[in-house]
Structures are given as structure tokens and as C-alpha cells.
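First comes the structure, then the notes that go with it.
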Amino acid sequence: MRKRLIWPVVAALGLTLGLAVPSAATAAPSPGPVALVQGAVPHKLDPKFQQLADELPALRQRAEAVKAKLGLHDNPVQEAVLDAIDPTQYKCSDATPPVVAAILPDTTGWTQEQALAVLHVLIFNMALMDAAYLPQPGPYTFGSHGQYTHTVNRTFKDLQKFWDIPSRGVSVVPAHGRSMLNAEVNYRVFTVLYGLDPAQSRVSADLVAHELNSPALGYGDLPIFTFNAYATPGGEDIPGYGKSPKRIAFGDGVMEGFARVGLGAVAPQAILGHEFGHQVQFADSLMRPELPGPEASRWAELMADSFSGYFLTHARGERMGLREVRDFSQMFYQLGDCGFTADGHHGTPNQRMKASLWGYGVAVTIPPRNRVLPSLVVFHLFAAHYPRLIAPDATS
């Protein structure tokens with residue numbers, strides 16, 4: 001099971017590109033991926049690329065099936081559980097969050113091949129999937145230029161000391177968009193993780209590596225390509241590689257995106273605190289798989305937000321002050337979503353903000369302030385507060 005950080009970014013770019021990614025707030029149909037490719041800067045596609053374009057709908061179904069098996073839902077697709085949460089009872093704007101607006105690329109002028117390559121990246125979540133499940137070369141750096149390496153490494157060590165779970169087997173690894181410039185990396189994602197046809201995978205792998213190696217696509221480092229972070233519990237069977245490790249895969253794009261909107265001083269720590277919160281959930285068996293998909297996801301994600309807020313402000317954690325509290329709560333607000341019936345629903349913007357602030361409240365009000373509560377105590381406090389956290393907040 002993997003937990004992803006955010007889907008609104010993929011949804012926003014999907015609509016920009018013409019991907020069919022309906023959400024609760026946006027139900028109008030959009031052109032499919034083949035239409036996008038045909039609508040890019042026009043010229044006749046190479047027959048092998050035209051075949052890929054024609055097969056994209058089937059490839060996407062395959063990708064979604066594999067990711068669902070692993071516990072990842074990265075597209076806000078309407079699901080069958082219609083009554084899991086009543087969206088009329090919650091404040092939830094469909095406005096584009098500032099961080100999403102900051103990272104959406106200018107797609108005008110993209111060639112058909114570039115559009116096709118980007119669709120592969122988004123559909124298969126290639127850099128994050130590779131980082132989460134397959135061996136990674138070191139030494140690790142974080143950020144497209146390594147600018148967050150010290151912060152991430154220090155925060156990860158602090159988290160391991162802070163929480164009372166066995167975490168020596170957990171590692172944090174970077175997900176760099178530029179890794180997709182290596183066709184062999186792409187090929188193993190397609191064949192090993194998704195089980196796609198080797199011949200078809202070779203064409204796709206070479207296409208992505210070649211097309212991303214251009215200024216228009218940021219030489220692979222457009223933030224949209226890696227605007228995410230995953231926590232993996234380990235133990236999945238990976239063909240040819242054995243059991244998967246316990247990991248946190250940290251995308252460069254999510255740190256770059258929040259830096260663009262002035263939240264770069266808190267985002268790496270807050271996101272890592274959230275993902276480590278999932279490792280706490282895995283270790284303490286705090287997930288609730290018996291709940292309907294959207295509610296199970298919301299339960300897990302708001303708890304991870306709360307755990308992050310607790311760590312970020314505790315005297316033995318990051319010791320963040322009021323200005324940083326304001327900033328990280330705004331960060332979580334921007335990561336909220338209105339996909340009430342989607343299996344990957346993370347909670348509304350208000351709920352995510354309030355969850356992180358609840359963690360802050362626990363850190364500064366429960367004495368003694370220099371003592372870290374056991375993770376199960378924090379969990380039981382969260383579980384008791386949860387009904388208030390998700391109470392309807394619509395005023396009309």
C-alpha cells in the first residue's frame with residue numbers, strides 16, 4: 001500500500017492537456033489523450049508513436065489497475081461509492097490552488113511527440129514509482145539542484161528519533177525528473193512495475209527519454225513531473241527484485257512548487273513529517289481498510305497531517321514558531337481536494353489545515369512540553385477528535 005500526497009495537480013494538468021480526469025467539481029468531458037497528441041503542433045507522427053497514441057486508453061487502464069493494486073490512486077476518477085461523503089455539507093472551492101498554478105507548464109508549442117511523452121509520465125507516475133520500488137543509485141540529493149539535501153536528511157533523522165516506532169529499516173530517497181532521461185530507468189518501470197509488453201515498453205521508454213531531454217520539458221525537471229511524495233510499507237513482491245523496501249520517495253517537484261509560492265522554508269519538513277506519519281501508521285496498524293475508499297483515505301491522510309503538525313511544533317521536534325505554523329497550515333490547505341467520491345480523497349482544504357493545526361495544539365498544550373507522547377497516545381487523541389475535524393462546515 002502506498003499513500004500519495006496530492007491529486008489536484010495531476011487533475012489540473014490533465015485538463016490542460018486534455019486528459020479525461022473528471023472530479024466531483026469538474027464533470028464536463030474533456031478530449032482524450034489521443035486528441036491531445038493530435039492537437040499539438042501538427043505534423044505526421046512516426047507510425048510507432050502513432051501506435052502508442054492509439055493504445056494510450058488501454059495503457060492507462062492497465063496503469064490504473066496496477067496502481068490500485070499497490071494502493072495508489074493518483075487521478076480523481078469518480079468511484080462507485082457515491083455516498084461516502086456528502087459534498088454539499090463542506091466548504092470546498094474548486095479554484096486552482098496557488099501552488100498548482102505556479103507549476104503548470106505552458107503547453108503551447110509542444111510537439112505531438114512531447115505531448116505523448118508527458119502523457120506517459122503522468123499516466124505511469126514514472127519517476128516516483130521508480131524511486132518508491134526499485135534500487136536507487138547514491139549518494140542521494142534532494143531538490144533539482146540538491147538545495148534541499150541538508151534539510152531533508154536532518155529532518156528525517158529527527159523524525160526517526162522523535163517517533164517510537166522501529167524505523168531503522170525505513171529510508172528516504174529522491175525522485176528526480178531527470179532520471180527519466182535514462183531510457184533504461186523508464187523501461188524497467190514499464191516492464192517490471194506495470195508488466196507491459198517489452199517491445200512496446202522499449203518504444204515508450206526511448207520516446208520519454210528523448211523528448212524530455214529538451215528545454216520545453218525542462219530536461220526532465222518540470223515540477224509537475226515529480227510533484228508528489230510516497231510512503232511505502234515494504235514487502236510487495238517486485239518481479240526480479242524480491243521484496244520492496246520500506247521507503248519514502250520524495251519528489252523534487254513538490255519542494256520546488258511550494259518554494260515558488262513562498263512556502264519553501266517549511267514544505268520539505270512538513271511533507272516529510274506527513275510521509276513519516278504514514279510509516280507510523282504502517283508500524284502501528286492504524287489504517288482502516290474496512291471503510292469505503294474515500295473515507296479510508298481521508299482518515300489516513302488527515303491523521304498524517306496531524307502527526308506532521310505535532311512533530312513540526314513540538315519542543316523535541318522541529319520547534320517551529322507561529323509564523324511557520326501559519327505557513328505549513330497554508331501548505332496543507334493548498335493540498336486539500338474536493339474529490340469526495342474518489343478513492344484517493346485526502347480531505348478538504350479546511351480539513352487538512354485544521355488537522356495540521358490540531359497537531360500543533362497537542363504539541364503546545366499537553367504537558368510536559370519536552371516529552372514526546374507515544375505514537376499510540378497521539379493516535380487515540382486524534383481518533384477522539386476526528387469527528388469534530390470532519391464535521392460539516394458549510395454555512396449555506
Rounded to the nearest 0.5 Å, what's the gap from CE on Met353 to CG on Leu302? Could you check? 12.0 Å
Checking Glu113 against His210: is there a side-chain donor and acceptor pair closer than 3.5 Å? no
Could you walk me through whether Glu301 and His274 pass the side-chain contact (heavy atoms from CB on, under 4.5 Å) test, one step at a time? CA-CA 8 Å; Glu301 300 306 326; His274 172 100; 2.9 Å; yes
Ionic contact status for Glu324 with Arg319, cut-off 4.0 Å: no
Between Leu272 and Ile248, does the side-chain contact (heavy atoms from CB on, under 4.5 Å) criterion hold? Intermediate values first, please. CA-CA 8 Å; Leu272 193 53; Ile248 294 171; 4.0 Å; yes
For the pair Arg62 (side chain) and Tyr194 (backbone), establish whether a donor and an acceptor sit closer than 3.5 Å, ignoring hydrogens and angles. yes
Side chain proximity check, Phe156 to Val170, heavy atoms < 4.5 angstrom: yes
Count I, L, V, M, F, W, Y as connected when their side-chain heavy atoms are under 4.5 Å apart, and connections chain through other members. Are Val100 and Leu222 then in the same cluster? yes
Indicate yes or no for a side-chain donor-acceptor contact from Gln160 to the backbone of Ser167 under 3.5 Å, with no hydrogens or angles considered. yes
How long is the span from the CZ atom in Arg178 to the CG atom in Asp252, to the nearest 0.5 Å? 6.0 Å
Is there a side-chain contact between Asp237 and Lys243 in this structure, where contact means two heavy atoms from C-beta onward sitting under 4.5 Å apart? yes
If hydrophobic clusters are built by linking Ile, Leu, Val, Met, Phe, Trp and Tyr wherever their side-chain heavy atoms come under 4.5 Å apart, do Trp110 and Tyr219 end up in the same one? no
His120 vs Phe190 side-chain heavy atoms within contact, under 4.5 Å: yes
Taking all non-hydrogen atoms of both residues into account, name the closest pair between Leu128 and Gly251 and its distance. CD1-N, 4.2 Å
Please confirm whether the backbone N or O of Gly235 pairs with a side-chain atom of Ser244, one donor and one acceptor, at under 3.5 Å? yes
Show the nearest heavy-atom pair for residues Tyr333 and Asn350, with the distance to one decimal. CE1-OD1, 3.3 Å
Taking the side chain as every heavy atom from C-beta outward, state whether Leu59 and Phe124 have any atom pair closer than 4.5 Å. yes
Taking the side chain as everything from C-beta on, heavy atoms only, tell me whether Met331 gets closer than 4.5 Å to Ile271. yes
Under 3.5 Å, is there a donor-acceptor pair linking the side chains of Asp164 and Ser375? yes
Ring centroid separation for Tyr310 and Tyr360, is it under 6.0 angstrom? no
Please determine whether a side-chain nitrogen of the Lys or Arg among Arg154 and Asp158 lies less than 4.0 Å from a carboxylate oxygen of the Asp or Glu. yes
In terms of side-chain heavy atoms, does His346 have a donor or acceptor partner in Gln351 at a distance below 3.5 Å? no
Distance-only, no hydrogens or angles: does the Ser306 side chain make a donor-acceptor pair with backbone N or O of Ala355 under 3.5 Å? yes
Could you grab the distance from atom CD of Gln136 to atom OG of Ser179, nearest 0.5 Å is fine? 7.0 Å
Closest approach of Met180 and Asn186, non-hydrogen atoms and distance? O-ND2, 2.9 Å
Tell me, do Leu193 and Val66 make a side-chain contact under 4.5 Å, heavy atoms counted? no
If hydrophobic clusters are built from ILVMFWY residues whose side chains come within less than 4.5 Å, do Ile366 and Phe379 share one? yes
When you measure from the centre of the six-membered ring of Tyr187, is the NZ or CZ of Arg202 under 6.0 Å away and within 45° of the axis? yes
Before you tell me yes or no, could you show the steps for Tyr230 and Asn125 under side-chain hydrogen bond (donor to acceptor under 3.5 Å, both in side chains), namely the whole-Å CA-CA distance, both residues' side-chain angles and the distance that decides it to 0.1 Å? CA-CA 11 Å; Tyr230 298 156; Asn125 244 339; 2.5 Å; yes
Can a side-chain donor-acceptor contact be found between Asn153 and Tyr140 if the only test is distance below 3.5 angstrom? no
Donor-acceptor contact present, side-chain Thr155 to main-chain Thr151, <3.5 Å: yes
Assess the side chains of Asp221 and His176: does a donor N or O sit below 3.5 Å from an acceptor N or O? no
In terms of hydrophobic clusters joined by side-chain contacts under 4.5 Å, are Val266 and Val152 together? yes
Check the side chains of Thr108 and Asp106 for a donor-acceptor pair under 3.5 angstrom, ignoring hydrogens and angles. yes
Same apolar cluster (I L V M F W Y, side chains within < 4.5 Å links), Leu104/Leu263: yes
Report the distance from atom CZ of Phe307 to atom CG of Leu286, rounding to the nearest 0.5 Å. 5.5 Å
Any luck finding a side-chain donor-acceptor pair between Glu275 and Gln279 under 3.5 Å? no
Side-chain (Ser297) to main-chain (Pro294) donor-acceptor, under 3.5 angstrom: no
Looking only at atom types and distance, does a side-chain atom of Asp197 sit under 3.5 Å from a main-chain N or O of Gln200, one as donor and one as acceptor? yes
Hey, can you tell me if Phe162 and Phe311 have their rings parallel, tilted or perpendicular (30° and 60° cut-offs)? perpendicular
Assess the residue pair Leu217 and Val121 against the criterion (side-chain contact (heavy atoms from CB on, under 4.5 Å)); give the C-alpha distance rounded to whole Å, side-chain angles, the decisive distance to 0.1 Å, and a yes or no. CA-CA 11 Å; Leu217 299 186; Val121 172; over 6 Å; no
Inter-residue atom distance Leu212.CG - Gln114.CD, 0.5 Å rounding: 9.0 Å
Can you tell whether the side chains of Glu295 and Arg298 come within less than 4.0 Å, N to carboxylate O? yes
Donor-acceptor under 3.5 Å (Gln334 side chain, Val99 main chain): yes
Other residues, nucleotides and ligands only: do more than 12 of their heavy atoms fall within 6.0 Å of CZ on Arg288? yes
Sub-4.5 Å side-chain heavy-atom contact between Arg316 and Lys161: no
Are Leu373 and Leu381 close enough, and set up right, to give a side-chain contact (heavy atoms from CB on, under 4.5 Å), and what steps lead you there? CA-CA 10 Å; Leu373 295 173; Leu381 291 171; 4.0 Å; yes
For His145, does its backbone N or O pair with a side-chain atom of Gln147 as donor and acceptor, under 3.5 Å? yes
OG1-NE2 distance between Thr232 and His278, expressed to the nearest 0.5 angstrom: 11.5 Å
Of all heavy-atom pairs linking Arg188 and Pro135, the shortest is NH2-O, 2.8 Å
Nearest heavy-atom contact between Ser356 and Phe332 is CB-CD1, 3.5 Å
Within the distance-only criterion (no hydrogens, no angle test), does the side chain of Thr141 pair as donor or acceptor with the backbone N or O of Gly146 below 3.5 angstrom? no
Can Arg260 and Glu256 be counted as an ion pair, charged N to O under 4.0 angstrom? yes
Parallel under 30°, tilted from 30 to 60°, perpendicular over 60°: which one fits the rings of Tyr386 and Phe382? tilted
Show the nearest heavy-atom pair for residues Arg352 and Gly336, with the distance to one decimal. CD-CA, 3.6 Å
